[in-house]
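One structure is given below, encoded as structure tokens.
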Amino acid sequence: MQWKVKISIKLKSGVLDAQGKATHKALLAIGFQKVQEVRIGKLIELKLEGDSRTEVEKQIQEMCQKLLANPVIEDFVYEIGEL
Amino acid sequence: MKFGVVQFPGSNCDYDCYYALKYVLRVPTAFIWHKEKDISGYDCIVLPGGFSYGDYLRVGAIARYSPVMKAVVDFASKGGLLIGICNGFQILTEAGLLPGALIRNHCLRFICKPQNIRVENIETPFTNRCQKGQVLKVPIAHGEGCYYADQKTLEELEENNQVLFRYCDIEGEITKAANPNGSLHNIAGICNKKRNIFGLMPHPERSMEECLGSTDGRLIFESIINYLQTDSLILKD
Amino acid sequence: MTECKEKKIWQKWSLTLDEYRLINQSLGREANELEMGIFAVMWSEHCSYKNTKILLKRLPSKAPWVVQGPGENAGIIDIGEKFLVVMKMESHNHPSAVEPFQGAATGVGGILRDIFTMGARPIALLDSLRFGDFNQDLTRYLYIGVIGGISFYGNCIGVPTIGGETIFSESYQGNILVNVMCVGLVKKGEIIRAVAKGKDNSIILIGAKTGRDGIGGAAFASEQLTKQSEQDRPAVQIGDPLAGKLLVEACLELKQFEEVIALQDCGAAGLASSLSEMAARGKSGVEVELSRVPQREANMTPAEIILSESQERMIVVVKKGKEERVLSTLKKWDLDSAIIGRVTDDGEFTIKHNEQIVACLPVNLLVKAPTIKRKVKKPSWLSRVNVLDLEEIKVFEDYNQILIDMLASPNLSSKEEVYQQYDYQVQTNTIIPPGDDAAVLRIRGSKKALALTTEGNGRYCFLDPWQGARIAVAEAARNLSCKGALPKAVTDCLNFGAPENSDSYWQLVQTIKGLSEACRFFETPIISGNVSLYNENEGKPIYPTPIIGMVGVVEDFQNICTLEFKKENDLIFLLGESLEELGGSEYLKVIHNLISGNPPSLDLQKEKKIQSFCREMIEKGIIASAHDCSLGGLAIALAESCISSNLGAEVKIKSNIRSDCCLFGESQSRIIVSVDASFSGEFLETAWQRGVPIQQIGKVKGDRLKINQWIDLSVNQLKEAWRGR
């Protein structure tokens, strides 16, 4: 089966997100006064083969821990969809 | 004694390190291609600066999985000396050989400038020719040099004297203004517990000759040479 | 034919009726859609220089040390000891205006390819940037983007960015300028040229896959491209510095193989232009099979493949049957490659797609667009802007606040924020970093060093393009002389409005006249360059802006000089004379909001004399510091020498000209130097012997800058204003 996975990665809450902070300031400056926080991360989309959702999930977990995210500074979440 | 400088796709300080060692300090040095699996015969491995694999995904993240890294990890686990400069430091943290991580500079910009750093611990293979508290002028050039680690890791680093260099002002004071990138505890360079793996953001290979504005970078390489020649220091278990 | 005529089909290709007729006549048949599309691109101003070719021929390009003049990917000079210097400057104005980050990044990538195509290792980048009004939000956005893009590409690829300028002016508001210069170094005998020769030799395309990036000629494209592809087509090219770095290293390895005949960059107008140019230089032909081109996207049409401007691609011509070593080297560098065609001897550019011939055009016709001569008419408004009555300009008693305001103004303030974002030290040869009059690189394995600078004052050129161009050359040479280097050659980038506009065309003609005169005089031939026309801002042309990139040679890298004062009690001298000139100055603009008058006068003989005296004294070790006195005048130059050294100066100027002209006038041919007091006798005597106008104006002292009764400020105050803190 073919699967489509969306992984979002962002800095852990304890790590200062300098980019997010700067963007937050910029949003306030152009009039979006209600913005309380901005965190910037990245979105990775991938397609892969897999027999079951569990198997795909296991693979994604491993990919994230090994390469796609750095557990020292980043958290990740993912969505798995059938193609 | 032989130094090996690893070349990853996108390394760009490889030749500068090679030149500094081979032609300035005149020690035997060779390049090691990233696809190499055998790195026997070397006494010190240098992971040079640059943008390995374009720094795509995360700085150093892809390089740590390049074929040569397995041999590098083996080499270091047997006590071999390993130094990572700038991108090399980032690869070392990504590979888990050094604790913590290097993230985006607080100012969000790449910064290239001369920088003062203070020597914190001289009882290591990388700093034994320095004096404690000595201020070195060694340039920095990075966009992701902000050292980060959680509180516990930081405490451990401090307790074990693993912080070898901190950003400081010209007087050696550790101040916020002297910190170019927001690094926690003004950390510019750290080693592992065993003291055979060392990573730093500043570029010692760029301060080897008078005409380049400083020769302080020599002290780091000369410490390594001194250590390898005399074996006078014993690594920690 | 009649049917086409009715539809005015030539307009679709942005060709004139005459051009359209000439093409069909020369072919002896009607060109098909694809062929006409190729002509449209090849005969565009960008590829053909049809508007400027005749004018550019007037520029001096020869000297005994010139190895390669205009016509190749880059120019080359011989600097002795078997070293050759390769250089070129190019504009990336329009792409940078649309997408500043990628536009600037791909500008860097493109100019780098021009250098290593010649077999040279790139050793330096310089960027001459022009932005609109500093206070506009859009300017800030473009500024951050462009500098970020240069930093992204240049830093990654490991070539130090060591100089350039960043200038703000309303004139560039809707049309910024991004001119990038690259310099390379190669040993004699190791140059490789982009010439396709030897029947049946293989043409190999290497590097990135071909996609639908930046396909030229919008009108043409809309006909030839499917609706779907239109949507997918990125508006600008995207740079991949990692691929660029791998290409540099791979090509520098390939050039050493005897089976490699030629290397060619694949830049503007993609394969169409790179292949036909190579064939034209080799007086040969080429045959290419488009289906063999590695493609990034599905269902690309022949037009899309042949005209794609995908970045990080190169062409290699290899001896037939000897492709193996080349292909395995490319594999080692993880670069894609494919044999896409062969060299022929029939003078034709034959394009096949799935074995069908889809276009067949004579190479000579493609690369020789008919030149256009335009009317030259001096703009009528010029006499109005040239009027400046100094009587109406207020003279002040106290200039402290004015100096502070000047130092803090966008064009005079510190550019640290810019150049610190560039890795200017990688390759460890930078012995004078950015921030000085010129940067200096030592050459390993030699005592020699290279000094590099860029110059070009658009405001001067607006007021008088001939004089502005002469000044640009004189200033560039002065920058180099102040570091102890002998100026050797020039690469230029001419940024102008539409040639159809007679004002712009006149400016271009005058500029070329001025450049020719000055470059001949200084013996600095123009060995390469680029013309960028159609630079307009809401229908108004930008300031005519010729940018001069100049290289100079220092024989012994230990005999160089920097701008900062060295120690207390050194004597300060002014070489040259301050005249009562204020026209076109930064002072008039910043303090009086005036852009008028005539640019400063320039006596080339005097200029040369002063520069050669300065170099001689630097070489003898007599001059401790030297600083070009230009934008912002004497007061700014003195302030900069103080700020960079943290030393003060006590200056007394004996002069009968107005105080504002004395402090901030931009008279040419002036250099501020400091000299150890014990050398001053010899120094003065030699100056007199050489007929150099000289005046002792003060000494290095304390921590304040004092100039007559006009200025008394601490170096810290100066620094704070200059750094904007």
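Quick note on labels: first sequence line is chain A, next is B, and so on, each numbered from 1.
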Region of B:Asn105 in contact with chain A, defined by heavy-atom distances below 4.5 Å: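 Only the backbone of B:Asn105 comes within 4.5 Å of chain A.
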(message) With a 4.5 angstrom heavy-atom cut-off, is it the side chain or the backbone of A:Leu16 that approaches chain B, or both, or neither?
(response)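 Contact with chain B: backbone and side chain both.
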Note to self: Quick check on A:Lys12 against chain B: is it the side chain, the backbone, both or neither that has a heavy atom closer than 4.5 Å?
What the structure shows: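 Neither the backbone nor the side chain of A:Lys12 comes within 4.5 Å of chain B.
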Do other residues, nucleotides or ligands put more than 12 heavy atoms under 6.0 Å from [X] [atom1]?
X: B:Tyr65; atom1: OH; result: yes
X: A:Glu62; atom1: CD; result: no
X: B:Ile170; atom1: CD1; result: no
X: B:Lys35; atom1: NZ; result: yes
X: B:Lys113; atom1: NZ; result: yes

Identify the two heavy atoms, one from B:Tyr148 and one from A:Val15, that lie closest to each other, and give their separation to 0.1 Å.
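That closest heavy-atom pairing would be CZ-CG2, 3.4 Å.
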Counting distance only, does the side-chain N/O of A:Lys42 pair as donor-acceptor with the main-chain N or O of B:Leu57 below 3.5 Å?
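Checking the backbone N and O of B:Leu57 against the side chain of A:Lys42, a donor-acceptor pair under 3.5 Å is found.
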Just by modelled atom types, is the A:Leu68 backbone N or O under 3.5 Å from a matching donor or acceptor in the B:Arg58 side chain?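 Here the side-chain-to-backbone pair exists.
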_Pairwise distance CD1(B:Ile103) to CG(A:Asp17) - rounded to 0.5 angstrom_ =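 B:Ile103 atom CD1 to A:Asp17 atom CG measures 8.5 Å (nearest 0.5 Å).
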Check your understanding: Do you know which of B:Thr93, B:Ile62, B:Leu108 has the most heavy-atom pairs with chain A at a distance under 4.5 angstrom?
Key ->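 Going by pairs under 4.5 Å, I would pick B:Leu108.
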